[in-house]
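In what follows, chains carry the letters A, B, and so on, assigned in the order in which the sequence lines appear, proteins first and then strands, with residues in each chain numbered from 1.
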Amino acid sequence: MKLITAVVKPHRLDEIKEALQAFGVHGLTVTEASGYGRQRGHTEVYRGAEYTVDLVPKIRIEVLAEDDDAEQLIDVIVKAARTGKIGDGKVWSLPVETAVRVRTGERGPDAL
Amino acid sequence: MKLITAVVKPHRLDEIKEALQAFGVHGLTVTEASGYGRQRGHTEVYRGAEYTVDLVPKIRIEVLAEDDDAEQLIDVIVKAARTGKIGDGKVWSLPVETAVRVRTGERGPDAL
Amino acid sequence: MKLITAVVKPHRLDEIKEALQAFGVHGLTVTEASGYGRQRGHTEVYRGAEYTVDLVPKIRIEVLAEDDDAEQLIDVIVKAARTGKIGDGKVWSLPVETAVRVRTGERGPDAL
Amino acid sequence: MNGTDTGFVLISAALVMVMTPGLALFYGGMVRAKSVLNMLMMSFISLGIVSILWVLFGYSLAFSGDVGHFIGNFDAIGLKGIDFTSTVDSFVTNAKGEPHKIAAFSFILFQMLFAVITPALMSGALADRVKFSAWMVFVALWVTLAYFPVAHWVWAPGGWLFDMGVIDFAGGTAVHINAGIGALAAVLVVGKRIGFKKDPMRPHSLPLVLIGTALLWFGWFGFNAGSWLGVDGTTARMALNTQIATAAAIIGWLIYERIRHGAFTTLGACSGAVAGLVAITPSGGHVNAFGAILIGVVAGVVCSWAVSLKYKLGYDDSLDVVGVHLVGGVIGTLMVGFLATEAGGWDQFGKQATGAFSVMGYTFVVTWIIAFAIQKTIGFRASEEDEVTGVDQTQHAETAYDFSSAAGSHISSGVTSPVAAATQSKKVEA
Amino acid sequence: MNGTDTGFVLISAALVMVMTPGLALFYGGMVRAKSVLNMLMMSFISLGIVSILWVLFGYSLAFSGDVGHFIGNFDAIGLKGIDFTSTVDSFVTNAKGEPHKIAAFSFILFQMLFAVITPALMSGALADRVKFSAWMVFVALWVTLAYFPVAHWVWAPGGWLFDMGVIDFAGGTAVHINAGIGALAAVLVVGKRIGFKKDPMRPHSLPLVLIGTALLWFGWFGFNAGSWLGVDGTTARMALNTQIATAAAIIGWLIYERIRHGAFTTLGACSGAVAGLVAITPSGGHVNAFGAILIGVVAGVVCSWAVSLKYKLGYDDSLDVVGVHLVGGVIGTLMVGFLATEAGGWDQFGKQATGAFSVMGYTFVVTWIIAFAIQKTIGFRASEEDEVTGVDQTQHAETAYDFSSAAGSHISSGVTSPVAAATQSKKVEA
Amino acid sequence: MNGTDTGFVLISAALVMVMTPGLALFYGGMVRAKSVLNMLMMSFISLGIVSILWVLFGYSLAFSGDVGHFIGNFDAIGLKGIDFTSTVDSFVTNAKGEPHKIAAFSFILFQMLFAVITPALMSGALADRVKFSAWMVFVALWVTLAYFPVAHWVWAPGGWLFDMGVIDFAGGTAVHINAGIGALAAVLVVGKRIGFKKDPMRPHSLPLVLIGTALLWFGWFGFNAGSWLGVDGTTARMALNTQIATAAAIIGWLIYERIRHGAFTTLGACSGAVAGLVAITPSGGHVNAFGAILIGVVAGVVCSWAVSLKYKLGYDDSLDVVGVHLVGGVIGTLMVGFLATEAGGWDQFGKQATGAFSVMGYTFVVTWIIAFAIQKTIGFRASEEDEVTGVDQTQHAETAYDFSSAAGSHISSGVTSPVAAATQSKKVEA
Ligand SMILES: Nc1ncnc2c1ncn2[C@@H]1O[C@H](COP(=O)(O)OP(=O)(O)O)[C@@H](O)[C@H]1O
Ligand SMILES: Nc1ncnc2c1ncn2[C@@H]1O[C@H](COP(=O)(O)OP(=O)(O)O)[C@@H](O)[C@H]1O
Ligand SMILES: Nc1ncnc2c1ncn2[C@@H]1O[C@H](COP(=O)(O)OP(=O)(O)O)[C@@H](O)[C@H]1O
């Protein structure tokens with residue numbers, strides 16, 4: 001099994017959720033994150049002091065997937081997340097050793 | 001070494017912490033997360049407009065564990081997190097290549 | 001490729017960012033986290049009731065790195081994050097199977 | 001009709017109005033983020049319900065005539081017979097000792113807002129766990145069966161405590177003891193929050209508590225000074241004593257807390273302020289500056305101690321309505337017995353005690369019956385699942401905060417389109 | 001000069017002042033966290049701009065003399081000829097039926113704050129999407145071309161609606177209908193928010209909405225009662241009716257909402273309160289308690305229904321300025337035609353309708369032209385990118401909240417040193 | 001005794017009371033989330049401490065008699081000899097030019113609240129880094145050694161500045177210059193925050209800043225207009241000018257900021273408002289509308305420029321007490337020298353300058369000594385570790401916010417049971 005992690009622009013979450021659902025994946029976990037990279041931040045002004053804010057809001061999505069689906073899923077996510085502008089983010093996948101559904105104790109593919 | 005990640009219901013954190021401690025694990029890292037899955041969200045009403053909120057609050061716990069403990073630890077967490085109702089969440093484990101304790105630079109099992 | 005994750009004291013973020021940049025890494029993703037470990041929390045008082053707060057604020061940094069850089073990067077982060085006091089945190093690395101830059105679809109090292 | 005006094009009472013009424021939202025915020029800041037809206041609404045709804053009941057029959061029952069020294073009559077139902085030329089007597093007098101006349105409507109408004117805030121005070125005790133629909137029924141019944149009679153006893157000529165000479169200037173007995181004991185009875189019926197004494201229940205926003213405290217304190221000048229129904233030197237004394245006792249109670253609370261728990265807390269300072277305001281309410285027109293300091297310090301220290309009692313005795317008075325309003329109200333009511341510059345002594349003390357304890361007895365029983373009846377019929381308490389999920393979501397179908405689109409925090413998603421929704425109907429339990 | 005009445009008007013003015021920040025918070029709590037500062041500023045800036053314009057020429061155009069029943073003259077420009085001994089007539093009269101005299105400066109201040117809040121009311125309709133610089137220009141033009149004339153029509157002797165006998169006591173027509181219809185016109189020019197009817201746009205802080213509501217309600221006593229420019233029994237009636245109608249509207253709104261959507265919401269209670277306050281504004285001095293209840297309930301129910309209209313009709317009135325202020329204002333203005341205790345009837349109703357509809361017609365056209373002209377010249381609407389990023393950041397170079405150093409939340413980083421910055425200059429679009 | 005004037009002063013006092021919590025919120029919103037409670041408490045505690053000191057001896061030292069043109073005497077200690085029939089003279093006069101009489105208690109309350117807010121103003125300069133216990137000592141000493149004497153100089157017959165004819169109507173010199181210069185001295189003793197000029201220190205909640213601004217502005221009408229101790233046309237002029245100057249200062253600040261930094265910020269608008277309020281305080285009773293506009297614009301622009309000075313000169317005045325209160329106070333105090341409609345000219349300007357600079361000299365020295373003595377004895381500054389962790393946690397054993405149980409944010413855990421705790425005692429450094 002694989003764990004696919006995507007760090008993307010926050011407003012793409014809905015598209016990604018829909019694309020995944022269309023693909024047949026019905027679960028995911030989301031965390032709020034901040035990204036630092038090529039995309040520049042912005043400047044803020046407070047009483048004559050200018051601040052550079054260089055962390056940009058991102059969301060971090062995790063999806064457990066079966067081995068066979070992983071590559072395709074990555075593509076689905078990448079497509080749904082893309083705006084074509086700098087800061088679109090990254091998607092990566094990690095190998096998973098065990099996955100368990102807490103409610104039932106099912107393991108492996110059944111846990112999804 | 002393994003990294004065990006658990007995405008579970010927020011109010012189970014205390015039980016999990018206690019169960020882990022009883023097992024002999026004394027460290028963990030927690031992040032706030034939102035989950036999307038079988039568990040349905042709820043409806044909210046704002047001035048005549050109804051909103052469906054389908055992300056459910058979860059917490060995401062990470063525990064570094066020695067290889068030998070990993071399977072048992074997963075069971076401990078699953079047991080402590082279980083309520084038996086939909087939305088109990090997932091636990092998964094990943095293989096870790098290196099782990100370091102920042103304070104001392106110790107690596108491997110000593111880093112825990 | 002590797003995914004290096006560091007759970008460290010929040011006020012070290014700037015030093016780490018600078019150290020990584022000096023090393024030539026220009027991207028990272030940050031999440032807010034809370035840590036439980038050897039470092040003790042603190043006590044709070046609300047109307048005669050004392051509360052023990054035992055989760056300590058941490059930040060969680062993720063950096064994708066090429067295989068060859070990984071070990072060195074870990075050292076760079078550990079050094080920048082260290083204060084020498086309990087609670088400095090952990091750094092670990094995981095093997096990555098695929099990494100994609102969403103904007104371009106580039107994979108592997110080019111995705112960074 | 002005296003324009004100065006009428007104007008003063010009208011402005012005082014506006015100040016008393018703002019106390020109820022102030023209370024909502026004071027309480028709202030103290031609960032967890034999943035019950036803040038419910039807490040706000042439990043106070044706020046009293047502005048809706050009680051204002052209307054007051055006009056319909058409350059004013060009449062409290063202040064029109066007297067039936068058996070116990071309750072008013074029905075003559076002024078729907079404000080019948082009162083128009084903009086009607087007047088009532090001020091406590092302030094002219095050179096000849098005659099009371100001034102103020103517009104009856106200003107008095108009705110001023111007193112209405114006392115009736116509004118009293119049941120709202122009880123809501124803090126029931127935080128996190130009651131059905132909102134049941135709370136609305138409770139407010140309507142309680143104000144009718146507990147507040148209107150007691151207000152008559154204490155403030156209306158003919159009322160038995162009034163006739164006996166009990167000093168309850170701005171409502172230590174009718175408002176604070178009344179609400180405090182009612183809260184205790186209601187809590188005993190409704191039971192403890194899930195996780196009481198076990199789960200952490202930190203205030204979710206102390207700045208909100210301070211905003212509430214500020215509005216309460218500000219409005220309390222209207223509450224106390226306005227109770228003279230006019231302006232003269234005694235009105236000024238009341239206002240000054242209000243400030244003095246509040247300041248003293250802050251210091252009293254903080255010192256006790258520092259000794260007992262090692263810290264000067266913000267919640268302690270705000271709580272001390274409210275304790276002082278409560279304690280000076282019955283007495284502020286009848287003591288001098290040192291009396292005010294003494295009442296304030298005693299209220300601060302004793303209430304600071306009293307809020308821990310619930311952990312020992314095991315009743316779950318969530319936001320310490322008993323510890324602050326009942327205890328503070330009793331302190332002020334009894335102390336004025338001795339400290340009153342004109343009438344103080346054992347005799348007056350006895351009257352004060354009679355007032356305090358008879359209201360406690362009466363309202364405890366009445367409230368217990370109301371709460372029990374509600375519990376047995378429509379149900380007072382929210383379901384366990386609703387309580388765990390949070391009463392904001394389950395009773396009001398809302399979430400208090402969504403900071404998700406702010407910088408560094410941004411899951412605004414997982415919330416979908418309002419449109420279809422707008423044209424269809426759905427039930428949420430409330 | 002009457003000290004009592006002047007004092008009452010001054011304090012009322014202070015209360016009306018606090019309504020504008022109250023409105024800012026009421027609106028600010030309802031938008032997403034990325035536009036809250038912009039929302040606050042759209043109201044707040046009106047305090048800056050309109051106060052100055054009022055002194056320069058607004059007061060003169062509204063209240064000095066009359067030119068063609070349409071507008072005032074220039075005699076009082078820059079407050080020329082007015083000093084601290086000048087007086088104006090109160091609506092309150094002495095035993096002989098003569099008006100009291102109050103300090104002219106108190107009247108000028110009181111009316112200034114009405115002019116300030118009226119354009120601010122419109123800002124809610126335009127939330128999230130306009131250039132702040134364009135909004136400032138809009139406020140200045142609108143208040144000059146729409147508000148000053150209409151205020152003259154309705155309140156100044158000589159103004160055609162005043163002379164016709166339209167009842168608009170504290171500003172149902174001049175303030176609420178005027179702002180409501182202006183908001184509609186502006187929205188039609190500016191267009192919908194990106195994602196309207198599709199993206200979730202939950203209020204980011206309902207406690208903030210309640211704070212705003214509290215300040216609005218409190219200030220409204222000054223707004224309504226103060227409009228008598230003095231104190232007597234009718235002033236008291238106005239204040240009492242303000243409370244009654246507001247309470248009734250809360251209940252009306254909540255009941256409708258419970259039936260329609262299954263929940264008693266906090267936002268509903270706050271919205272109901274404002275709807276009631278709007279509806280009683282023109283009429284509160286002229287109805288009895290039952291009239292006030294009726295007006296309140298009707299306003300609560302109808303406005304609660306009207307806020308859904310935008311989804312059906314497709315105009316994006318972000319925070320329901322049309323649904324609450326226009327609809328509520330029309331309800332109050334028309335109902336007083338029948339319910340007025342002294343003059344009610346078909347005749348008065350006709351006058352009220354004439355007033356309401358002529359203001360709607362005039363202001364719609366004027367506002368549309370102003371907004372269109374701004375759109376075509378400097379541009380009214382923020383760029384798409386700025387809107388998506390958020391107008392706080394793009395229009396004001398600020399972030400509303402940073403809880404990062406609080407316990408459990410702490411990325412205070414990614415924000416760097418202010419110093420170098422302090423000595424260099426950089427442009428941000430505003 | 002004049003009821004109208006007494007009532008006006010009492011209500012003004014309530015308004016001035018609310019300024020101190022308003023200030024707490026204004027400052028509290030500007031600091032990072034880890035020091036907000038400490039900031040709130042530094043203001044709030046002044047309500048506790050100074051109110052009591054005022055009753056004990058402050059009023060007597062400031063306003064009872066005169067010793068050497070420098071200080072009052074001890075005759076009114078503990079308010080000895082004053083009762084509800086005592087009166088003081090209003091600045092308002094009857095037709096014969098005789099002053100009205102107001103209740104002494106109303107004057108004592110009104111002036112008490114000036115004494116309360118003045119030390120609170122200084123707290124902004126010391127944000128994030130002082131021991132709370134030391135701050136309490138500082139407040140008590142400072143108000144005794146700096147405020148009571150200076151208030152006597154400026155406002156009490158016999159005080160040398162009063163006798164010289166310095167115009168300081170509502171406290172430009174005694175309140176704002178006094179607090180501003182005191183803040184500077186204290187900051188020089190206490191030193192810079194760790195990370196000054198290096199770490200980002202964004203305001204954690206600008207909506208909180210706006211709430212604070214709203215309460216300050218509202219209360220300031222009481223502060224300024226109430227200072228006439230009665231109502232007539234000059235009172236109305238004062239209120240009107242307060243509004244005008246504030247509006248003008250908002251505009252002044254924003255324009256300067258737009259040119260210099262490219263944005264119209266919310267913090268700028270709020271800061272401008274406060275700068276305008278400060279500047280009009282000494283002068284608002286003595287200038288016309290154009291004078292008020294001029295004072296406001298100058299204060300807005302100059303203070304907007306002055307807040308950057310600390311980065312250049314290197315003193316760490318955290319929340320710009322010097323830049324806003326000292327600079328704004330000096331602007332108002334000096335400008336009235338020329339603009340005063342009755343007395344303006346070089347002669348008056350000289351007096352104003354004498355007043356401003358003598359207070360600056362005196363208070364700088366006195367404050368420096370107090371702060372230094374505290375630093376060398378009990379220690380003024382929190383430990384480095386406490387400062388980094390945050391003064392909320394280390395000084396008050398509290399956390400300002402816990403949104404954890406709100407939707408999408410929910411680590412309410414890691415916080416355990418209050419119960420055992422409630423029965424044991426533990427020390428936290430404060
Ligand atoms: N090496 C990296 N490791 C982890 N996350 C990264 C890395 N580089 C970039 N990111 C994440 O991807 C986001 C987008 O990267 P950025 O360089 O701004 O643009 P692009 O997506 O076009 O490469 C960043 O905000 C950050 O969250
Ligand atoms: N494929 C997945 N990948 C990652 N997280 C998942 C996945 N499916 C479910 N989750 C997480 O597990 C939580 C519970 O899943 P859900 O389907 O609601 O119930 P259950 O735990 O009974 O399977 C979700 O809220 C989500 O956080
Ligand atoms: N076994 C673990 N798994 C995951 N995170 C851990 C683990 N142990 C510690 N941590 C993280 O590291 C942080 C620091 O650990 P702690 O024991 O306090 O001190 P030290 O860094 O000196 O070992 C913790 O707050 C927690 O976030």
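For the atom pair NE2 (A:H26) and CZ (B:R38), the distance works out to 9.0 Å, reported to the nearest 0.5 Å.
Considering only heavy atoms from C-beta on, A:R107 stays 4.5 Å or farther from B:W92 through its side chain. Side-chain contact check for A:T98 versus B:E71: some heavy-atom pair is nearer than 4.5 Å. Looking at B:K85 and A:R103, their side chains never come closer than 4.5 Å, going by heavy atoms from C-beta outward.
With A:V102 as reference, B:D88 is the one residue of B:D88, B:I77, B:T83 to meet the side chain to side chain contact (heavy atoms under 4.5 Å, CB included) rule.
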Side chain to side chain contact (heavy atoms under 4.5 Å, CB included), that's the test. Do B:R60 and A:R60 meet it? Break it down for me. CA-CA 12 Å; B:R60 186 175 176 286; A:R60 187 176 175 284; 3.6 Å; yes

Would you please test A:K17 and B:D54 for side chain to side chain contact (heavy atoms under 4.5 Å, CB included) and show each step? CA-CA 11 Å; A:K17 240 168 49 191; B:D54 61 10; 3.2 Å; yes

Assess whether side chain to side chain contact (heavy atoms under 4.5 Å, CB included) is satisfied between A:L13 and B:L55, documenting all intermediate values. CA-CA 11 Å; A:L13 178 56; B:L55 286 180; 4.1 Å; yes

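In terms of modelled atom types and a separation under 3.5 Å, the side chain of B:K90 and the main chain of A:A111 share a donor-acceptor contact.
For a residue to count as touching a neighbouring chain, one of its non-hydrogen atoms must lie under 4.5 Å from one of that chain's; by this rule A:L64 touches chain B with the side chain only. Looking at B:I4, neither its backbone nor its side chain comes within 4.5 Å of chain A, counting heavy atoms on both sides. Heavy atoms closer than 4.5 Å to chain B are found nowhere in A:E106, neither backbone nor side chain.
A donor-acceptor pair shorter than 3.5 Å cannot be found between the side chains of A:T31 and B:E32.
Shortest non-hydrogen contact noted between A:P95 and B:P95 is O-CD, 3.3 Å.
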